Amino acid sequence: MYAVKQSTTASLKSAAAVGRRVTGPGNYIRVRKAHVPGSRVNGQGSVRAAISGGDKVTVTAATPLQSKGVDKLSSSGGGEIQVKAVVTIRKKMKEKITEKIEDQWEFFINGIGQGILIQLVSEQVDPVTNSGKIVQSAVRGWLPKPVPSEYAHIVEYAADFTVPSDFGCPGAIMVTNLQGKEFYLLEIVIHGFDGGPIFFPANTWIHSRKDNLESRIIFKNQACLPGQTPPGLKDLRREDLLSIRGDGKGRRKEHDRIYDYDVYNDLGNPDKSKDLARPVIGGEERPYPRRCRTGRPPTKTDPLTESRIEKPHPVYVPRDEAFEEIKQNTFSTGRLKALLHNLIPSLAATLSSTDNPFECFSDIDDLYSDGVLMREKDEEKKEGKKLFLGSMVKEVLSVGERWLKYEIPAVIKMDRFAWLRDNEFARQTLAGVNPVNIEILKEFPILSKLDPAVYGPPESAITRELLEQEINGMSVDKAIEEKRLFILDHHDTYMPFIERMNALPGRKAYASRTVFFYTPAGIVRPIAIELSLPPTALSPQNKRVYTHGHHATTHWIWKLAKAHVCSNDAGIHQLTMLSTLLICLVIIRLRTHASVEPYIIATHRQLSSMHPIYKLLHPHMRYTLEINALARQSLINGGGIIEASFSPGKYAMDVSSAAYKDMWRFDMEALPADLLRRGMAVEDPSAPCGVKLVIEDYPYAADGLLVWSAIKEWVESYVEHYYSEPNSVTSDIELQEWWSEIKNKGHEDKRNEPWWPKLNTKEDLCGVLTTIIWVASGQHAAINFGQYPFGGYVPNRPAIMRKLIPQEDDPDYEMFISNPQQTFLSSLATKLQATKIMAVQDTLSTHSPDEEYLGQVNPLESHWINDNEVMKMFNRFSDRLKEIEHTINLRNKDSRLKNRSGAGIPPYELLLPTSGPGVTGRGIPNSISI
């Protein structure tokens, strides 16, 4: 039993505030295995209860100390020891006057012990309650300490405990916030036990009790599998997971930290306009990964569509997923929302009345040399609002006027005419912002998999004779045998949507195929482009093939054909990515942002924060749910920037869904498997990752395999450390539920696919974890942070095309012949479209100052685990990444590697592990944070 003496009225109020039963002053209470008002009874009938007795609590129990890895306390038998808890809280770095006043009141409340209550929970079980032994104390005062200027916003408080010598080792802390608002808890450190301080890393928002009566549970930094959970913590481990899962009902509130699944039913706004109605993405008709549930009510117009929260109001994400202050100031509620609220409307006000195409290439150059004169709204002038811009977009003030000036993108910085060359067009399929679509041509003729009754004959119009003419007489069969023909094939992805896309105002697109030849000299060059439209009665095979040619007319038509290919590729790339908005619709949205969100939700719902796999994955989940929510609100929503700026328009998410249905497989998201699937590598047991590249000078793949290998080695050593026993993977109930939920809930529309990996062995687990970490880090970095460097020059990578290529019988053909430059430029995005795209590309290519990179640990989270062997493994991983950075730098100086060095060729740096803040075109963040 517990024996607790009450000594003060204030203590009674504190105890009552946390919902525990007490008696009058000077009395004792007995807590039995029964329901206590205000406490929580779990499914097994045990009780979680804490009894306050002044500022200190005495707990008596007879169980001997058995905590693994913890020395005995300094006192023994019936003695007591004094224990101190140091509670570290992070305040805002930049506070308003009202917030500073509130802080003073908060300091006072905490100083007198009325603000924060903490309960130490032992790893040992009390025989009376059948739960972990508990002592409780109130936080009092704050510790004066010299604080470096960069950590001036960190505050430390203290709480003192009197603990019996047979209490055992504390394994958890329950925190109750009696204040009126939440606070951010960095960590709690317990001093006074033999063996040194015990760390309880938190890095979490602690909700006010007025919002949620439940105390927060913080476990110490000891990782353990479910079967190894100390007896006193088993109930808490289970309860914490239950609180995170929620019940799937009701609208989520800002302070909640509940993770659950839903379809993409919040992209449209039919209540505002029928033109903004959008179908539900996710389900049998339009399969897609699931997002985090918000629980908002349905719209009045369509019960299947969830009502929207429009900017500037935030979309719900679990509380700890929200951007931290530095990130807010750099991207989200600061810069990204300012971009959407201020910059783009200002651009529209400036250019909408004269939304003309670029008339000459010098008009584009003017964006970098002169800029765009901004026209402000009256209210902006009154309030003096500034535009929050990226490092590549600068606001220039001149004689009372505001100019928006862009930095020169890397792709033309060293050679402004590089984009015109065929070899640069080809090089960017291997070392550009979307290097994951090119494939080897495995057979000929090239065939479509679409229904021929709807989309015409399956054979490509690219003939054997044409190819052999372009490859200097080499037979196609020999070229295929020698692995010299490659293809960028967007035909089947786009063709089902082309007719609807081309019906949109100002949109014209083809379904494209491009064939490349890998020359004996090691150069890749494009040799044929096929552009297709849906078949018609007059043209059942509505396909045209273009080659480079040497005549002036064919030369300009070839440029237009390449532009349409780039526009296809830009649309495909953005749809895969979700928030990294502007270059590759399908690749970035689907293969990183959308596919990773279910992994994050399942990790929180099924893996305790004590679980070693949770600790491994936690750095790779940072900010992803928040950036995805922002994208649903303003980027991929009906009428949002994606629809306005890319060729698929309002059908963008339909295209992404189709790509998910036909292309996405978890087992092919591993880099070696993806390279093998695309024929860009062959199996080679002697190679480090078991594969050998077909094109050795393939910068994305060559550097990516180095990063993949380092991640794999780190994961394998980590898994071996925790799963050393036979059958330890299959007997891990949390792990098995996690994997099952990813497949059956997170990717519900693909739950019955036979290709899902099993999770029976350590090797299975290593493969799954390496893939998840790679996708969230290296894969995302490679296809995201080059958006402005490559796409910031509109002709190099058009996000949208507005005209089809003129044919000889077209009315516009004569104009094309007389002024091909004007025809080319008028086919690209208008000035307004281009400047909007460039501004968002800049924002989404930017590293935040608080970015956490692969192989690095935030100094404020250095106590994430207390296992020295694991820390040695992590340090080896960090050292390996430093070696990789050195290797990549040497490769970029190797003159033999033509795709990453040479006159005017920018070095390939997208997979360099580290970076500074801003648009750098390098750096691998731990997670999808933009």
Side-chain angles (χ1 to χ4, degrees), residues 67-70 123 171 201 219-231 233-234 236-238 240-241 598-600 602-621 666-667 669-673 689-690 708-744 746 756-777 854-855 857 863-878 880 926:
S67 299
K68 181 180 178 181
V70 178
E123 294 179 347
F219 295 105
K220 74 174 182 179
N221 61 347
Q222 174 71 52
C224 63
L225 300 175
Q228 301 166 343
T229 308
L233 305 182
K234 287 182 178 180
L236 292 185
R237 183 169 184 152
R238 181 168 50 251
D240 193 42
L241 283 174
Y599 311 153
I600 296 172
T603 299
H604 283 282
R605 285 169 53 86
Q606 298 298 338
L607 298 181
S608 166
S609 59
M610 304 173 70
H611 200 290
I613 302 306
Y614 176 94
K615 292 183 177 295
L616 176 69
L617 291 178
H618 187 260
H620 306 289
M621 302 187 289
F666 180 88
D667 61 329
E669 293 302 290
L671 179 58
C689 294
W708 169 273
S709 178
I711 295 171
K712 184 171 181 284
E713 290 172 8
W714 155 235
V715 168
E716 287 176 343
S717 60
Y718 188 91
V719 168
E720 177 62 36
H721 182 72
Y722 286 103
Y723 291 89
S724 57
E725 299 298 325
N727 303 318
S728 53
V729 172
T730 54
S731 63
D732 185 339
I733 55 175
E734 287 183 5
L735 186 71
Q736 294 299 324
E737 285 299 316
W738 169 77
W739 186 233
S740 175
E741 186 165 292
I742 286 174
K743 295 183 294 182
N744 295 309
W756 282 104
K758 305 293 184 184
L759 195 59
N760 297 327
T761 66
K762 289 181 289 187
E763 291 73 22
D764 295 339
L765 179 57
C766 289
V768 167
L769 295 173
T770 303
T771 298
I772 291 174
I773 294 173
W774 159 253
V775 169
S777 57
L854 196 64
V857 175
H863 301 129
W864 67 281
I865 202 163
N866 69 345
D867 193 312
N868 288 331
E869 286 301 312
V870 170
M871 289 308 302
K872 290 178 183 177
M873 298 173 198
F874 183 80
N875 290 335
R876 285 197 295 271
F877 174 53
S878 299
R880 177 68 183 122
N926 271 323

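On a predicted model such as this, the values are computed, not experimentally measured, just so you know.
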Would you say [X]'s side chain and [Y]'s backbone share a donor-acceptor pair under 3.5 angstrom?
{"X": "Ser728", "Y": "Glu725", "value": "yes"}
{"X": "Asn875", "Y": "Met871", "value": "yes"}
{"X": "Asp667", "Y": "Pro757", "value": "no"}
{"X": "Ser731", "Y": "Asn727", "value": "yes"}
{"X": "Glu734", "Y": "Ser608", "value": "yes"}
{"X": "Ser717", "Y": "Trp714", "value": "yes"}

Problem set entry | Test item: side-chain donor near acceptor, Asp764 and Thr761, under 3.5 Å | yes
Problem set entry | Flag for Glu741-Gln606: side-chain donor and acceptor within less than 3.5 Å | yes
Problem set entry | For His620, all residues meeting ring-ring contact (aromatic ring centres under 6.0 Å, His included), sequence neighbours excluded | none
For this session: Taking ring-ring contact (aromatic ring centres under 6.0 Å, His included) as the test, write out the residues that go with Tyr722, two or more places apart.
Result: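 Testing Tyr722 for ring-ring contact (aromatic ring centres under 6.0 Å, His included), a comparison that skips the adjacent residues, returns Tyr718.
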Exercise. Does atom NZ of Lys712 have more than 12 heavy-atom neighbours from other groups under 6.0 Å away?
Worked result: no
Exercise. Among Leu616, Leu617, Ile613, which residue meets the side-chain contact (heavy atoms from CB on, under 4.5 Å) test with Thr603?
Worked result: Leu617
Would you say the side chain of [Y] lies within less than 4.5 Å of the side chain of [X], judging by non-hydrogen atoms?
{"X": "Asn760", "Y": "Leu765", "value": "no"}
{"X": "Met610", "Y": "Gln222", "value": "no"}
{"X": "His611", "Y": "Arg237", "value": "yes"}

Exercise. Where is the tightest heavy-atom contact between Tyr723 and Lys762, given as atom of each residue plus distance?
Worked result: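 Looking at all heavy atoms of both residues, the shortest contact is O-CD, 2.9 Å.
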For this session: Inspect the contact between Lys220 and Glu123 and indicate whether a charged nitrogen and a carboxylate oxygen are less than 4.0 angstrom apart.
Result: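 Yes.
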Exercise. Which word best sums up how the rings of Trp756 and Phe666 line up, parallel for under 30°, tilted for 30 to 60°, or perpendicular for over 60°?
Worked result: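 The rings of Trp756 and Phe666 lie parallel, inter-plane angle below 30°.
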Just distance, no hydrogens or angles: give the donor-acceptor pairs under 3.5 Å from side chains in residues 767-776, sequence neighbours left out.
residue	atom	partner	partner atom	Å
Thr770	OG1	Cys766	O	2.7
Thr771	OG1	Gly767	O	2.9

Exercise. Quick check, are the ring centers of Trp864 and Phe219 under 6.0 angstrom apart?
Worked result: no
Exercise. Does the side-chain contact (heavy atoms from CB on, under 4.5 Å) test come out yes or no for Tyr614 and Trp738, once each step is laid out?
Worked result: CA-CA 10 Å; Tyr614 176 94; Trp738 169 77; over 6 Å; no
For this session: Dump the intermediate steps for side-chain contact (heavy atoms from CB on, under 4.5 Å) on Leu759 and Leu735, then the final yes or no.
Result: CA-CA 9 Å; Leu759 195 59; Leu735 186 71; 4.0 Å; yes
